[in-house]
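Read through the structure below, which is laid out as C-alpha cells, and then see the notes.
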Amino acid sequence: MGSMGSYVPMMMSMAQQGMSAAGQGSQANAAQEAQAEQINQQNQMLWLQHEQKAREQRDLLKRQTASARAALAAGGAGLGSGGSAAALLAGLTRQTEQAIADDHGYLSLRQQYSQPKAAKQDRAASLLQMGNQMMSVMRPNSY
C-alpha cells in the first residue's frame, strides 16, 4: 500500500504538468493566430497599394502615349510615322505592364510563403504530442 500512496501524488504531479503544457500550447496557438492575422492584414495592405500603383502606372502610360502620339504626329522626336512610332508606343506599354506583372508576382509569392502552413503543422504535431503525454500520465507504469 505504501507504493500505491506514492503513486497517486506522482500521477497528480504529472497531470498538473500536462495541464500546464496544455495552457502553454493554447498561448502559443493564440500567438500564432495573432501573427497570422497580422500577416494577412499586411498582405491586404500590400495588395491595395499594388492596385493603386498599377492604376497610377496605367494612367501615366496613357499620358505618355498621348504625348508620344502628339509628338509623332507633329513630326517630332526624329521619328517617322509607321513602324518606329508603333514600336515606341508598344515598348512603353510593354514596360508598364511588365512592371505591374512583376509587382503582382512578388506579392503572390509573398502571400503564398507567408501563410502559416508550417505553424498549422507544428500546432497539429504539438497537440498530438500533448495528447500522447496525457495518455502516458493516465497509464500506470509497469513494474
Side-chain angles (χ1 to χ4, degrees), residues 4-143:
M4 188 64 143
S6 65
Y7 176 72
V8 171
M10 182 176 70
M11 198 165 132
M12 292 292 281
S13 174
M14 293 175 86
Q16 289 171 343
Q17 288 174 355
M19 291 172 70
S20 174
Q24 290 172 352
S26 67
Q27 288 175 350
N29 287 342
Q32 287 175 345
E33 288 174 10
Q35 183 180 16
E37 180 62 28
Q38 183 180 13
I39 289 170
N40 286 334
Q41 288 175 353
Q42 287 174 349
N43 284 339
Q44 287 175 356
M45 184 181 68
L46 288 172
W47 278 107
L48 290 173
Q49 288 174 348
H50 166 69
E51 291 301 320
Q52 181 181 358
K53 183 179 176 184
R55 276 192 305 275
E56 290 171 357
Q57 287 178 322
R58 286 188 176 109
D59 288 345
L60 177 61
L61 173 64
K62 287 177 188 176
R63 288 192 304 275
Q64 288 175 337
T65 302
S67 295
R69 282 190 181 134
L72 293 171
L79 295 173
S81 61
S84 298
L88 173 66
L89 297 175
L92 285 172
T93 302
R94 229 183 350 266
Q95 182 181 11
T96 300
E97 291 302 323
Q98 185 62 48
I100 292 169
D102 289 345
D103 285 347
H104 185 82
Y106 164 75
L107 289 174
S108 294
L109 285 174
R110 183 185 190 284
Q111 186 171 12
Q112 178 183 353
Y113 287 106
S114 68
Q115 294 297 324
K117 292 177 187 174
K120 289 178 185 174
Q121 291 171 348
D122 291 344
R123 240 181 295 165
S126 67
L127 287 174
L128 181 62
Q129 183 180 8
M130 279 193 316
N132 288 336
Q133 287 174 347
M134 293 297 282
M135 292 304 291
S136 68
V137 167
M138 301 288 194
R139 270 183 275 162
N141 292 335
S142 310
Y143 293 110

### Message
As an exercise, state the distance from CD1 of I39 to OH of Y113, rounded to the nearest 0.5 Å.
### Response
15.0 Å
### Message
Which residues pass the salt bridge (Lys or Arg N to Asp or Glu O under 4.0 Å) test with K53, not counting sequence neighbours?
### Response
D103
#### Entry: Closest non-hydrogen atom pair between L88 and A68, with its separation
CD2-CB, 4.2 Å
### Task
Check whether any side-chain heavy atom of Q111 lies under 4.5 Å from a side-chain heavy atom of W47, and answer yes or no.
yes
### Query
So how far is it from L89 CG to R94 CZ, rounded to the nearest 0.5 Å?
11.0 Å
### Message
Going by the rule side chain to side chain contact (heavy atoms under 4.5 Å, CB included), which residues pair with Q64 if we only count those two or more places apart in sequence or in a different chain?
### Response
L60, L92
### Query
Of the options L61, D59, T65, which is the one that meets R63 in a side-chain contact (heavy atoms from CB on, under 4.5 Å)?
D59
### Task
Could you pull out all residues at least two apart from E97 that satisfy salt bridge (Lys or Arg N to Asp or Glu O under 4.0 Å)?
R58
### Message
To check you understand the geometry: which heavy-atom pair defines the closest contact between Q57 and T96, and what is its length?
### Response
O-CG2, 3.7 Å
### Query
Taking all atoms of both residues into account, what is the closest heavy-atom pair of H50 and H104, and its distance?
CE1-N, 3.4 Å
### Task
Working to the nearest 0.5 Å, report the span between CG of L48 and CD of Q52.
9.0 Å
### Message
Distance alone, cut at 3.5 Å: any donor-acceptor contact between the side chains of Q44 and N40?
### Response
no
### Query
Out of curiosity, Q42 CD to E37 CD, how far, rounded to the nearest 0.5 Å?
11.0 Å
### Task
Check the surroundings of atom CD in Q35: do more than 12 heavy atoms from other residues, nucleotides or ligands lie under 6.0 Å from it?
no
